[in-house]
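Quick caveat: nothing in here was measured; it's all calculated off a predicted structure. Side-chain atoms are counted along with the backbone in the values below, which use heavy atoms only and exclude waters and symmetry mates.
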Amino acid sequence: MGRIEKLTEDNKQIFVIDYSDCKEAEMIALVLELKKQMLSTNRPVMILSIFSAKSYATPKFMREAESSTREVIHLIEKSAMVGLSKTKKMILKGFNFLLKRNFKAFDTKEEAMVYLLDVNTSDKNGH
């Protein structure tokens, strides 16, 4: 799938997953593909998820995102999101609560990348 890109920066792997303008079925397919790639990589990775106003966090998508994330959470070093509306940021708070993590939202891709590559930050245990 062309909406998932694997980058290597500072010897760290970052999966960039672009949900922009995707419908529910496409978003679910992307979650499943990302999980598959992460499991085949089988090493700690970071994730940058890109959303737009037209990528909806539907209940079905969120259930799949939660289930898939639980399967690979041991491989997620950090996760950042870009393009979240206020509503999606509230959904992210609930998602973080369920997964006991602190995945973060940023206004720009550049800010998210700085966070992901910063060795002094973590999304574990609310740090």
Side-chain angles (χ1 to χ4, degrees):
M1 292 191 164
R3 291 184 163 268
I4 298 176
E5 185 181 1
K6 194 187 311 185
L7 307 175
T8 303
E9 297 266 343
D10 297 339
N11 205 26
K12 295 179 182 269
Q13 282 200 331
I14 302 170
F15 281 100
V16 179
I17 182 166
D18 188 354
Y19 295 107
S20 297
D21 303 331
C22 287
K23 296 191 182 328
E24 179 184 74
E26 296 169 285
M27 291 174 70
I28 290 170
L30 285 168
V31 166
L32 294 171
E33 178 61 25
L34 178 62
K35 177 179 75 173
K36 178 180 160 188
Q37 288 187 32
M38 287 177 66
L39 289 170
S40 70
T41 300
N42 197 31
R43 66 179 262 207
V45 300
M46 292 180 273
I47 301 170
L48 173 58
S49 300
I50 301 170
F51 292 86
S52 70
K54 293 182 181 179
S55 46
Y56 297 102
T58 65
K60 189 173 180 183
F61 167 73
M62 291 307 301
R63 278 193 299 278
E64 187 56 55
E66 179 191 355
S67 172
S68 290
T69 301
R70 286 188 188 281
E71 287 183 56
V72 296
I73 199 148
H74 63 286
L75 297 172
I76 301 174
E77 196 172 319
K78 281 195 260 187
S79 184
M81 290 151 204
V82 174
L84 298 185
S85 64
K86 286 183 180 185
T87 303
K88 288 178 190 138
K89 287 178 182 176
M90 293 301 295
I91 292 168
L92 177 60
K93 285 184 181 192
F95 196 72
N96 281 334
F97 179 78
L98 286 172
L99 296 172
K100 297 177 177 61
R101 292 295 282 269
N102 190 17
F103 298 155
K104 299 199 184 300
F106 294 90
D107 292 330
T108 68
K109 185 177 175 182
E110 293 75 23
E111 290 172 323
M113 289 296 287
V114 166
Y115 162 75
L116 290 173
L117 294 172
D118 184 347
V119 296
N120 296 310
T121 61
S122 172
D123 66 20
K124 296 175 178 88
N125 301 321
H127 292 112

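Val114 and Ile47 are members of different hydrophobic clusters when ILVMFWY side chains are connected at heavy-atom separations under 4.5 Å. Hydrophobic clustering, with ILVMFWY side chains joined whenever heavy atoms are under 4.5 angstrom apart, groups Ile91 together with Leu30.
Closest approach of Glu77 to Met46, counting heavy atoms only: CB-CG, 3.9 Å. Between Lys35 and Val72, the closest heavy-atom pair is CG-CG1, 3.7 Å. Annotation for Thr58 and Glu24: closest pair OG1-OE2, 2.5 Å, computed over non-hydrogen atoms. Val82 and Thr108 get closest at one heavy-atom pair: CG2-O, 3.6 Å. Between Ser49 and Phe51, the shortest heavy-atom distance links the atoms CB-CE1, 3.6 Å.
Distance alone, capped at 3.5 Å, is enough to place a donor-acceptor pair between the Lys88 side chain and the Ser55 backbone. Although no hydrogens or angles enter the test, the distance criterion places a donor-acceptor pair under 3.5 Å between the side chain of Lys78 and the main chain of Asp118. Checking side-chain atoms of Ser67 against main-chain N and O of Arg63 turns up no donor-acceptor pair under 3.5 Å. In this structure, Glu26 contributes its side chain and Lys23 its backbone to a donor-acceptor pair below 3.5 Å. Under a 3.5 Å cut-off, the side chain of Arg101 and the backbone N or O of Ser79 do not form any donor-acceptor pair. Side-chain N or O atoms of Asp18 include one that pairs as donor or acceptor with a backbone N or O of Ser20 at under 3.5 Å.
Annotation: the span from Met27 atom CE to Asp21 atom CG amounts to 10.5 Å, rounded to 0.5 Å. With rounding to the nearest 0.5 Å, the separation of CZ in Phe15 from CG in Leu116 is 13.0 Å.
By the 6.0 Å contact criterion, NZ on Lys60 is open, its count of non-hydrogen atoms from other residues, nucleotides or ligands being 12 or less.
Thr41 is listed as a side-chain neighbour of Lys6, based on a closest heavy-atom distance under 4.5 Å.
Between Phe95 and Phe103, the angle of the ring planes lies from 30° to 60°, which puts this pair in the tilted group.
A salt bridge links Arg70 to Glu66: one of the charged nitrogens lies within less than 4.0 Å of a carboxylate oxygen.
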Inset, instruction - For side chain to side chain contact (heavy atoms under 4.5 Å, CB included), just list the numbers for Leu7 and Met113, CA-CA rounded to whole Å, side-chain angles, deciding distance to a tenth of an Å, and then say yes or no. - result: CA-CA 11 Å; Leu7 307 175; Met113 289 296 287; 4.2 Å; yes
